Amino acid sequence: MSTRRTPDGGADAVLVVIPTYNERDNLEPIVRRLFAAVPAANVLVVDDGSPDGTGEVADRLAADDERLHVLHRTEKAGLGAAYVAGFDWALARDYDAIIEMDADGSHSPEDLPRLIGMIGPDGTGADVVLGSRYVTGGRTVNWPWYRALLSRGANTYSKLALGVSINDITSGFRVYRREVLETVRLHDVASQGYCFQVDLAWRAVEAGFVVVEAPITFVEREIGNSKMDAEVVREALVRVTKWGLRRRGHQATEALRSLRR
Ligand SMILES: Nc1nc2c(ncn2[C@@H]2O[C@H](COP(=O)(O)OP(=O)(O)O[C@H]3O[C@H](CO)[C@@H](O)[C@H](O)[C@@H]3O)[C@@H](O)[C@H]2O)c(=O)[nH]1
């Protein structure tokens with residue numbers, strides 16, 4: 001059981017889950033920045049057997065800092081599966097707020113005190129805080145035009161299909177109150193790629209949790225490569241379409257029922 005600490009933000013014990021696949025040169029700088037920004041946080045690196053030795057870098061850092069933990073998985077099984085494993089690890093311990101953050105520097109750890117503060121007792125009453133590129137004050141830096149287009153398209157499509165008013169539902173920088181992850185039936189989540197982000201945010205909305213967006217600046221990585229590929233896009237398209245059709249089916253059934261009454 002980890003020690004409960006009180007970070008600068010609003011929630012008590014905080015865990016930042018960082019999934020990694022081939023992030024050897026990114027990991028140490030991001031972990032250092034993170035502990036400088038939120039010294040009381042714990043970090044869990046979930047590495048999928050990165051061939052470039054990211055797991056060994058994580059182990060070396062963990063040996064020097066008891067706030068850092070490492071979960072080694074044997075093979076690359078997707079972002080969604082890595083996060084579910086990390087969340088299971090967190091829920092078996094005493095964390096009140098659980099955070100998703102990329103390893104590559106796209107997300108600024110310096111934003112975390114503000115994001116964490118929003119879910120605390122003195123915060124906005126949010127259950128989930130999404131770091132958003134698409135609200136006033138949010139932006140992207142150095143993102144290739146085709147990634148920006150894909151991201152805008154994915155968000156617009158998800159918004160229309162799911163009927164949610166979230167602008168950046170694909171964001172991978174977010175804070176969950178523990179109760180959200182305990183409620184959303186993590187083990188039913190089949191999404192493996194980045195549509196995991198849409199899946200979880202939508203589950204939180206459907207379960208009645210308060211999901212808010214806070215502006216962030218998303219900075220394109222300088223080292224290494226994105227793991228986004230055609231399969232990630234295909235999976236998101238298929239799943240979001242299916243959820244949207246199911247939602248419309250439910251709406252139609254409800255409308256028919258109320259006509260019969
Ligand atoms: N363990 C593990 N980690 C993974 C895997 N795939 C990706 N990661 C890790 O997940 C993080 C995000 O992956 P990137 O490949 O860098 O993502 P991106 O293309 O920059 O996409 C970002 O923006 C998307 C929204 O536009 C987000 O949906 C996504 O989560 C991410 O924040 C990185 O730390 C990366 O190492 C995997 O299969 N396993």
Side-chain angles (χ1 to χ4, degrees), residues 16-31 33-34 43-55 57-58 69-89 99-109 111 115 130-134 138-158 166-176 191-202 213 216-233 235-237 239-240:
V16 183
V17 180
I18 304 183
T20 55
Y21 191 75
N22 286 349
E23 304 287 2
R24 185 188 55 207
D25 297 326
N26 284 318
L27 190 60
E28 185 163 358
I30 202 68
V31 166
R33 277 175 64 191
L34 176 52
V43 171
L44 175 69
V45 174
V46 183
D47 185 66
D48 277 8
S50 296
D52 76 345
T54 304
V57 174
H69 311 271
V70 189
L71 192 59
H72 292 281
R73 289 153 49 82
T74 49
E75 60 183 33
K76 185 174 188 312
L79 186 79
Y83 269 127
V84 169
F87 293 162
D88 275 346
W89 189 97
I99 293 167
E100 290 184 8
M101 198 181 89
D102 291 353
D104 59 2
S106 295
H107 302 143
S108 304
D111 286 338
L115 303 189
L130 302 181
S132 179
R133 296 160 285 195
Y134 308 131
R139 64 191 188 113
T140 59
V141 173
N142 289 341
W143 225 22
W145 65 268
Y146 52 88
R147 280 303 306 267
L149 194 68
L150 198 59
S151 172
R152 283 284 191 180
N155 274 295
T156 306
Y157 187 63
S158 303
I166 299 170
N167 295 310
D168 196 356
I169 199 167
T170 65
S171 169
F173 195 23
R174 42 176 80 181
V175 185
Y176 296 100
S191 307
Q192 289 172 353
Y194 300 178
C195 88
F196 172 79
Q197 309 293 16
V198 181
D199 199 336
L200 234 59
W202 195 44
E213 293 182 88
I216 57 155
T217 298
F218 178 99
V219 185
E220 171 64 340
R221 62 162 74 229
E222 289 180 358
I223 303 172
N225 299 310
S226 165
K227 281 83 203 176
M228 162 79 81
D229 58 19
E231 174 52 27
V232 165
V233 178
E235 186 198 25
L237 199 60
R239 287 196 193 278
V240 173

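Just so we're clear, the structure is a prediction, and the values are computed from it rather than from any experiment. Counting starts at 1 for both ligands and their atoms, in listed order.
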Look at Lys76 together with Asp48 and state whether they make a salt bridge at an N to O cut-off of under 4.0 Å.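 No, this pair does not count.
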Are the charged groups of Arg33 and Glu28 less than 4.0 angstrom apart, N to O?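 Between Glu28 and Arg33 there is no salt bridge, as every charged N stays at least 4.0 Å from the carboxylate O atoms.
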Just to check, does Glu220 reach to within less than 4.0 Å of ligand 1 when the distance is taken from its heavy atoms?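 It does not, in that no heavy atom of Glu220 comes within the 4.0 Å cut-off of ligand 1.
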Measuring from non-hydrogen atoms of Tyr83 to any atom of ligand 1, is the shortest distance under 4.0 Å?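 Per 4.0 Å heavy-atom rule, Tyr83 does not contact ligand 1.
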Of all the atoms in ligand 1, which lie at a distance below 4.0 Å from a heavy atom belonging to [X]?
{"X": "Thr20", "result": "1 (N), 2 (C), 3 (N), 36 (O)"}
{"X": "Ser226", "result": "15 (O), 18 (P), 19 (O)"}
{"X": "Val46", "result": "1 (N)"}

Applying salt bridge (Lys or Arg N to Asp or Glu O under 4.0 Å) to Glu213 and Arg174, what does each step give before you reach the verdict? CA-CA 9 Å; Glu213 293 182 88; Arg174 42 176 80 181; over 6 Å; no
With distance as the sole criterion, is a donor-acceptor pair present between the side chains of [X] and [Y] under 3.5 Å?
{"X": "Ser171", "Y": "Tyr134", "answer": "no"}
{"X": "Glu100", "Y": "Gln197", "answer": "yes"}
{"X": "Arg147", "Y": "Thr140", "answer": "no"}

Can the ring centres of Phe218 and Phe173 be said to be less than 6.0 Å apart?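 Between Phe218 and Phe173, the centre distance exceeds or equals 6.0 Å.
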When you measure from atom 28 (O) of ligand 1 to every protein heavy atom, which one gives the shortest distance, and what is it?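 Ranking protein heavy atoms by distance from atom 28 (O) of ligand 1, first comes Thr170 O, 2.8 Å.
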Who gets closest to [atom] by heavy atom: [options]?
{"atom": "atom 13 (O) of ligand 1", "options": "Tyr21, Phe218, Phe196, Tyr194", "answer": "Tyr194"}
{"atom": "atom 6 (N) of ligand 1", "options": "Lys76, Arg147, His107", "answer": "Lys76"}
{"atom": "atom 32 (O) of ligand 1", "options": "Asp48, Asn22, Asp102", "answer": "Asp102"}
{"atom": "atom 26 (O) of ligand 1", "options": "Met101, Gln197, Arg133", "answer": "Arg133"}

Part of Glu100 within contact of ligand 1 (heavy atoms, under 4.0 Å):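 Neither; nothing of Glu100 gets under 4.0 Å from ligand 1.
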Answer yes or no: is there a side-chain heavy-atom contact under 4.5 Å between Ile169 and Asn155?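 SC-SC contact between Ile169 and Asn155 confirmed.
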